[in-house]
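Note that this is a predicted model, so its numbers are computed, not measured.
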Amino acid sequence: MGTNSAYKLCSLVFLVVFLGCSELIQCSVTYDRKAIMINGQRRILFSGSIHYPRSTPDMWEDLIQKAKDGGIDVIETYVFWNVHEPTPGNYHFEGRYDIVRFMKTIQRAGLYAHLRIGPYVCAEWNFGGFPVWLKYVPGISFRTDNEPFKRAMQGFTEKIVGLMKAENLFESQGGPIILSQIENEYGVQSKLFGAAGYNYMTWAANMAIQTGTGVPWVMCKEDDAPDPVINTCNGFYCDSFAPNKPYKPTIWTEAWSGWFSEFGGTIHQRPVQDLAFAVAKFIQKGGSFINYYMFHGGTNFGRSAGGPFITTSYDYDAPIDEYGLIRQPKYGHLKELHRSIKMCERALVSVDPIVTQLGTYQQVHVYSTESGDCAAFLANYDTKSAARVLFNNMHYNLPPWSISILPDCRNVVFNTAKVGVQTSQMEMLPTNGIFSWESYNEDISSLDDSSTFTTAGLLEQINVTRDASDYLWYMTSVDIGSSESFLHEGELPTLIIQSTGHAVHIFINGQLSGSAFGTRENRRFTYTGKVNLRPGTNRIALLSVAVGLPNVGGHYESWNTGILGPVALHGLDQGKWDLSWQKWTYQVEYS
């Protein structure tokens, strides 16, 4: 069955089932090659990502209203499996995880919602949104044609869809949700997995469709998305993207407003002129749905940051900053962009553009309808030089790397490079002693022995902590004879530790002796340092630190964390002393 006829049939079913709708047009979300159609009307839609766990419920109404005031039509969010099902079958939908309240806040604001269920989300979120218990399901292999994984994924997907349906939150029920997403950026992974990847992707799409939400489903960065699922684009620029079938709309699910931050890295910023240019270029070529990732980035509270080494701040240089404050000129310039494009909406969704070259690096896209609507986009792709072009017997000046928008094909109402909004700069001020801070030193020799266990050899960290904590003590002891040469002259022994990630603090007899850490690109690292050992028994305590579990990569559920060795002492009279297989005592550190 063709896509359009399939969705018409769905709409007819909704007319029968949902008797509260007085007429069919109130209950349908469909699509054609030009746009998403809400109640039969093609729409140019601007969407903004606001992730409910990355802000507090008290912030939601204000954030959503600011997004609306900035010209946003749709609020997009992922659904974060690990916070909703922390242990198998036990669900949590309260506080920052109250997704129903978040959806209803969107609805009260008069906006639509795009629910990206995943349930793999990536999102620089701990373990990509998967609960850590999932990796211990017998026989499981993530995101491939694997029955244990598919069972768990389907169970959670149906749980979320059922929750939304119970609260009448899909547009087909009169709610705000007009789109849903299954899986996330799977295209590259699918090709690496071959037939198993393709089979899994096809299964996921069909499973999602069978949940019967009554709204279209999308798959981002998945060129093989089967009908009727819409494949979509993520990136800094998506003007070269086209859906895999001519009857699907062109959707940009992640227009990156900035970038995430990692410990030790730079703070990334994206000039609003470039972001506006990218959006205008996407629209002029026939795009009809743009989601800013992020519109408000927020905060990775608690231990939610992934990576590893993703910072607590998820500000993302978004139009609304981490604290919920408007960032100018980004917010205001985009607001004017949205207003200008909406002035062209009728022409944009009605016809295809006529493209004319106006110079070596200059073009015009003209949308002209039989009813008299006309909109034009004058583009200068030269990154260094301004241009003066002739269009409709009028001259127009175009700054470098810019697009001018003419809703009547004559008058410029907006140019992507010309910012008319005043810049705002946030300043942190001292609190004048309102808050008092305390610090203390922990005596590691007083660790509670009741929570320790001892075994031979080095253990993988997450297998021990089950991600209940980022910290795991690895403790052992070495006996040093009084005749050791280094005690009388010469250099101190050297301790060498090989870790699979992500950081370690070394304590010798209760005193900090050194620290080392990896990076997001290279989690593994080697610590090498002199150690001050004394005659008799010496206690070596290694505090291994996980700085967020991986959120992206092939079968990252199999990646190791912690100290797997070798751990060895060098420079003793006996030469190398490999400590890797002697007895180690372990304790999960919760403080």
Side-chain angles (χ1 to χ4, degrees), residues 4 25 28-47 70-74 112 178 216 230 232-233 237-243 246-252 255 275-292 333-359 362-381 389-398 402-418:
N4 290 340
I25 199 170
S28 66
V29 184
T30 62
Y31 64 79
D32 65 9
R33 70 183 186 87
K34 292 295 290 180
I36 294 293
M37 300 171 68
I38 302 175
N39 300 333
Q41 181 180 357
R42 291 171 176 162
R43 297 287 306 275
I44 299 290
L45 294 170
F46 294 104
S47 173
I72 294 298
D73 307 294
V74 183
Y112 299 114
I178 59 170
I230 308 165
T232 67
C233 184
Y237 306 94
C238 278
D239 52 277
S240 62
F241 169 79
Y247 43 78
K248 296 179 181 180
T250 304
I251 293 177
W252 191 356
L275 179 56
F277 176 82
V279 171
K281 195 176 182 186
F282 180 75
I283 291 289
Q284 76 174 7
K285 293 190 70 175
S288 58
F289 185 108
I290 300 100
N291 176 69
Y292 295 99
H333 195 55
L334 293 178
K335 178 178 180 177
E336 289 303 307
L337 170 68
H338 303 153
R339 182 185 65 85
S340 303
I341 291 174
K342 285 300 180 81
M343 293 170 68
C344 309
E345 183 174 27
R346 238 176 8 189
L348 289 170
V349 300
S350 299
V351 295
D352 293 328
I354 296 173
V355 184
T356 304
Q357 204 72 23
L358 301 178
Q362 293 76 40
Q363 274 185 343
V364 61
H365 289 69
V366 177
Y367 289 80
S368 181
T369 69
E370 293 182 359
S371 60
D373 293 313
C374 187
F377 291 73
L378 297 175
N380 179 16
Y381 303 132
V389 298
L390 180 67
F391 169 66
N392 273 357
N393 298 316
M394 293 180 65
H395 285 96
Y396 297 88
N397 294 316
L398 300 175
S402 76
I403 295 175
S404 287
I405 299 174
L406 293 68
D408 58 359
C409 285
R410 292 189 64 82
N411 297 294
V412 175
V413 298
F414 183 85
N415 178 273
T416 58
K418 295 180 179 179

Hey, can you tell me if Tyr396 and Phe391 have their rings parallel, tilted or perpendicular (30° and 60° cut-offs)? tilted

I want to check something: taking the side chain as every heavy atom from C-beta on, are [X] and [Y] in contact at a cut-off of under 4.5 Å?
| X | Y | answer |
| --- | --- | --- |
| Arg43 | Lys342 | yes |
| Pro249 | Ile230 | yes |
| Asp373 | Tyr367 | no |
| Phe277 | Asp239 | no |
| Trp252 | Thr250 | no |
| Lys34 | Asp352 | yes |
| Leu45 | Ile178 | yes |
| Met343 | Arg339 | yes |

Considering all heavy atoms of both residues, which atom of [X] and which atom of [Y] are nearest to each other, and what is their separation?
| X | Y | value |
| --- | --- | --- |
| Tyr292 | Val279 | OH-CG2, 3.7 Å |
| Gly287 | Ile283 | O-CD1, 3.3 Å |
| Glu345 | Arg42 | OE2-O, 4.2 Å |
| Ser404 | Leu398 | OG-CD2, 3.4 Å |
| Thr416 | His333 | O-NE2, 2.8 Å |

Matching residue for Leu378 among Asn397, Ile403, Leu406, Ile405 - test: side-chain contact (heavy atoms from CB on, under 4.5 Å): Leu406

Centre of Tyr381's six-membered ring, under 6.0 Å away, within 45 degrees of the axis: is that where NZ or CZ of Lys281 sits? yes

Distance check, rounded to the nearest 0.5 Å: [X] atom [atom1] versus [Y] atom [atom2]?
| X | Y | atom1 | atom2 | value |
| --- | --- | --- | --- | --- |
| Ser28 | Met37 | OG | CE | 7.5 Å |
| Ile290 | Ile341 | CD1 | CD1 | 6.0 Å |
| Tyr237 | Leu275 | OH | CG | 9.0 Å |
| Thr356 | His365 | OG1 | NE2 | 9.5 Å |
| Cys233 | Phe289 | SG | CZ | 13.0 Å |

Residues, nucleotides or ligands: over 12 heavy atoms within 6.0 Å of Leu390 CG: yes

When you look at CD of Glu370, are more than 12 heavy atoms from neighbouring residues, nucleotides or ligands closer to it than 6.0 Å? no

Spell out, as yes or no, whether a donor-acceptor pair under 3.5 Å connects the side chain of [X] to the backbone of [Y].
| X | Y | value |
| --- | --- | --- |
| Asn380 | Gln362 | no |
| Ser350 | Arg346 | yes |
| His338 | Gly70 | yes |

Between Val366 and Cys409, is the side chain to side chain contact (heavy atoms under 4.5 Å, CB included) condition met? List the steps. CA-CA 8 Å; Val366 177; Cys409 285; 4.1 Å; yes

Mind running side chain to side chain contact (heavy atoms under 4.5 Å, CB included) on Val29 and Tyr112 for me, showing each step along the way? CA-CA 11 Å; Val29 184; Tyr112 299 114; over 6 Å; no

Check against side chain to side chain contact (heavy atoms under 4.5 Å, CB included), Phe46 and Leu334: CA-CA 10 Å; Phe46 294 104; Leu334 293 178; over 6 Å; no

